[in-house]
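Written out below as structure tokens is the structure these notes cover.
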Amino acid sequence: MNAPATLPAAHMPDAACAPVVLPETLSGLDVQGLARRLATAQDQRTALAKVSDDHPGMTLQDGYAVQYALRALREAEGRRVVGFKIGLTSRAKMLQMGVSEPSYGFLLDDFAVPPGGSVACASLIHPRVEPEIAFVLARPLRGPGCSVADVLAATAYVAPAIEILDSRYQAFRFDLQSVVADNGSSARYVLGSAQVAVDGLDLRALGMVLTRNGAHIGLAAGAAVLGHPAQSVAMLANLLGRHGERIPAGSVLLSGGATEAIAVQPGDAVQLRVGRLGAVDVQFT
Ligand code: OOG
Ligand code: MG
């Protein structure tokens with residue numbers, strides 16, 4: 001594995017500047033109330049009806065207004081944003097969730113699970129795992145106008161990653177505006193210890209093999225994610241750029257599940273192998 005020459009301190013991005021996203025149809029009071037409702041659902045592990053049930057006119061921008069309010073609540077608790085995830089970037093995921101557009105969310109410092117670590121199912125509502133390719137940035141990225149080449153040039157390294165989702169909505173049922181409000185079902189992630197530079201690596205052709213207790217539960221190639229996982233990161237930078245936000249150096253970026261997400265339960269041992277990036281494991285108790 002060709003280790004990159006200089007590595008940023010992972011999980012220590014330089015100062016992020018969270019914008020305020022104004023709602024379109026919701027009142028400021030609604031936005032704060034929904035953000036608190038979602039934070040409480042997460043803290044108390046109780047599933048809610050999707051937020052658009054009570055606000056049928058709410059738009060995607062309203063969803064992001066709630067997500068940014070949720071982020072402000074978490075930051076006020078002393079938690080730090082260490083990166084972002086983009087989701088619903090593969091056909092498999094769009095079909096599974098009935099949503100046809102990518103969306104992004106933030107990753108907090110305490111979402112990170114060490115490779116080989118364990119996650120208590122009781123700490124979550126109904127966890128699912130996804131096979132992903134993670135990017136860690138050496139340099140900041142700012143949309144609009146970010147391309148695959150810009151992403152690859154700004155990347156310190158890539159690593160295999162298992163994202164652990166946990167929708168705060170009953171039965172993982174939602175529409176795009178509701179899942180965006182719920183921070184894209186973000187809960188935990190496990191980054192493999194491989195730190196592979198992208199030079200000479202064709203991310204599209206990397207095989208991704210997800211197993212649970214030794215049995216195959218997902219098979220894909222990097223190209224399952226928008227044709228190229230770096231395309232997905234470019235889209236993330238461009239979507240964030242719309243809200244005036246840049247992605248700081250050192251950020252961890254999850255490019256999206258390459259297969260359907262799979263439900264897990266106590267006793268499950270999950271492994272993801274990604275071509276030359278090696279393997280990452282997580283246990284559920
Ligand atoms: C929404 C999050 C999707 C991905 O990688 O596609 C996601 C969900 O399916 O709950 O993280
Ligand atoms: Mg994901």
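Counting convention: from 1, in listed order, for ligands and their atoms alike. The shown structure was predicted, so the numbers you read here are calculated from the model rather than taken from an experiment.
- Take the N/O/S atoms of Glu163: the one nearest the Mg ion (ligand 2) is OE1.
- A salt bridge (Lys or Arg N to Asp or Glu O under 4.0 Å) with Lys93 is found for exactly one of Glu260, Glu101, Glu130, namely Glu130.
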When you check ligand 1 against the protein, what N or O pairs turn up below 3.5 Å? List the atom names and distances, or just say none.
from	atom 1	to	atom 2	distance (Å)
ligand 1	5 (O)	Glu130	OE1	2.8
ligand 1	5 (O)	Glu130	OE2	3.4
ligand 1	5 (O)	Glu132	OE2	3.0
ligand 1	5 (O)	Gly257	N	2.7
ligand 1	6 (O)	Leu88	N	2.7
ligand 1	9 (O)	Lys93	NZ	2.7
ligand 1	10 (O)	Ser185	OG	2.6
ligand 1	11 (O)	Lys85	NZ	2.9
ligand 1	11 (O)	Glu130	OE1	3.1
ligand 1	11 (O)	Glu163	OE1	3.0

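- For an aromatic pair to be called close, the ring centres must be under 6.0 Å apart, and Tyr104 with Tyr64 satisfies this.
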Requested in this report: List the steps and the verdict of side chain to side chain contact (heavy atoms under 4.5 Å, CB included) for Leu254 and Leu107.
Outcome: CA-CA 9 Å; Leu254 301 180; Leu107 301 175; 4.0 Å; yes
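- Taken from CG in Asp54 to CG in Asp30, the straight-line distance is 9.5 Å, to the nearest 0.5 Å.
- For the pair Arg79 and Asp110, the salt-bridge criterion is met [side-chain N within less than 4.0 Å of a carboxylate O].
- Ion pairing of Arg80 with Glu75 is absent here, as no side-chain N (NZ or NE/NH1/NH2) approaches a carboxylate O to less than 4.0 Å.
- Among the heteroatoms counted here (N, O or S) of Glu132, OE2 is the one nearest to the Mg ion (ligand 2).
- Restricting Glu130 to its N/O/S atoms, the shortest distance to the Mg ion (ligand 2) is reached by OE1.
- Linking ILVMFWY residues whenever their side-chain heavy atoms come closer than 4.5 Å, directly or via other members, places Leu210 and Val113 in the same cluster.
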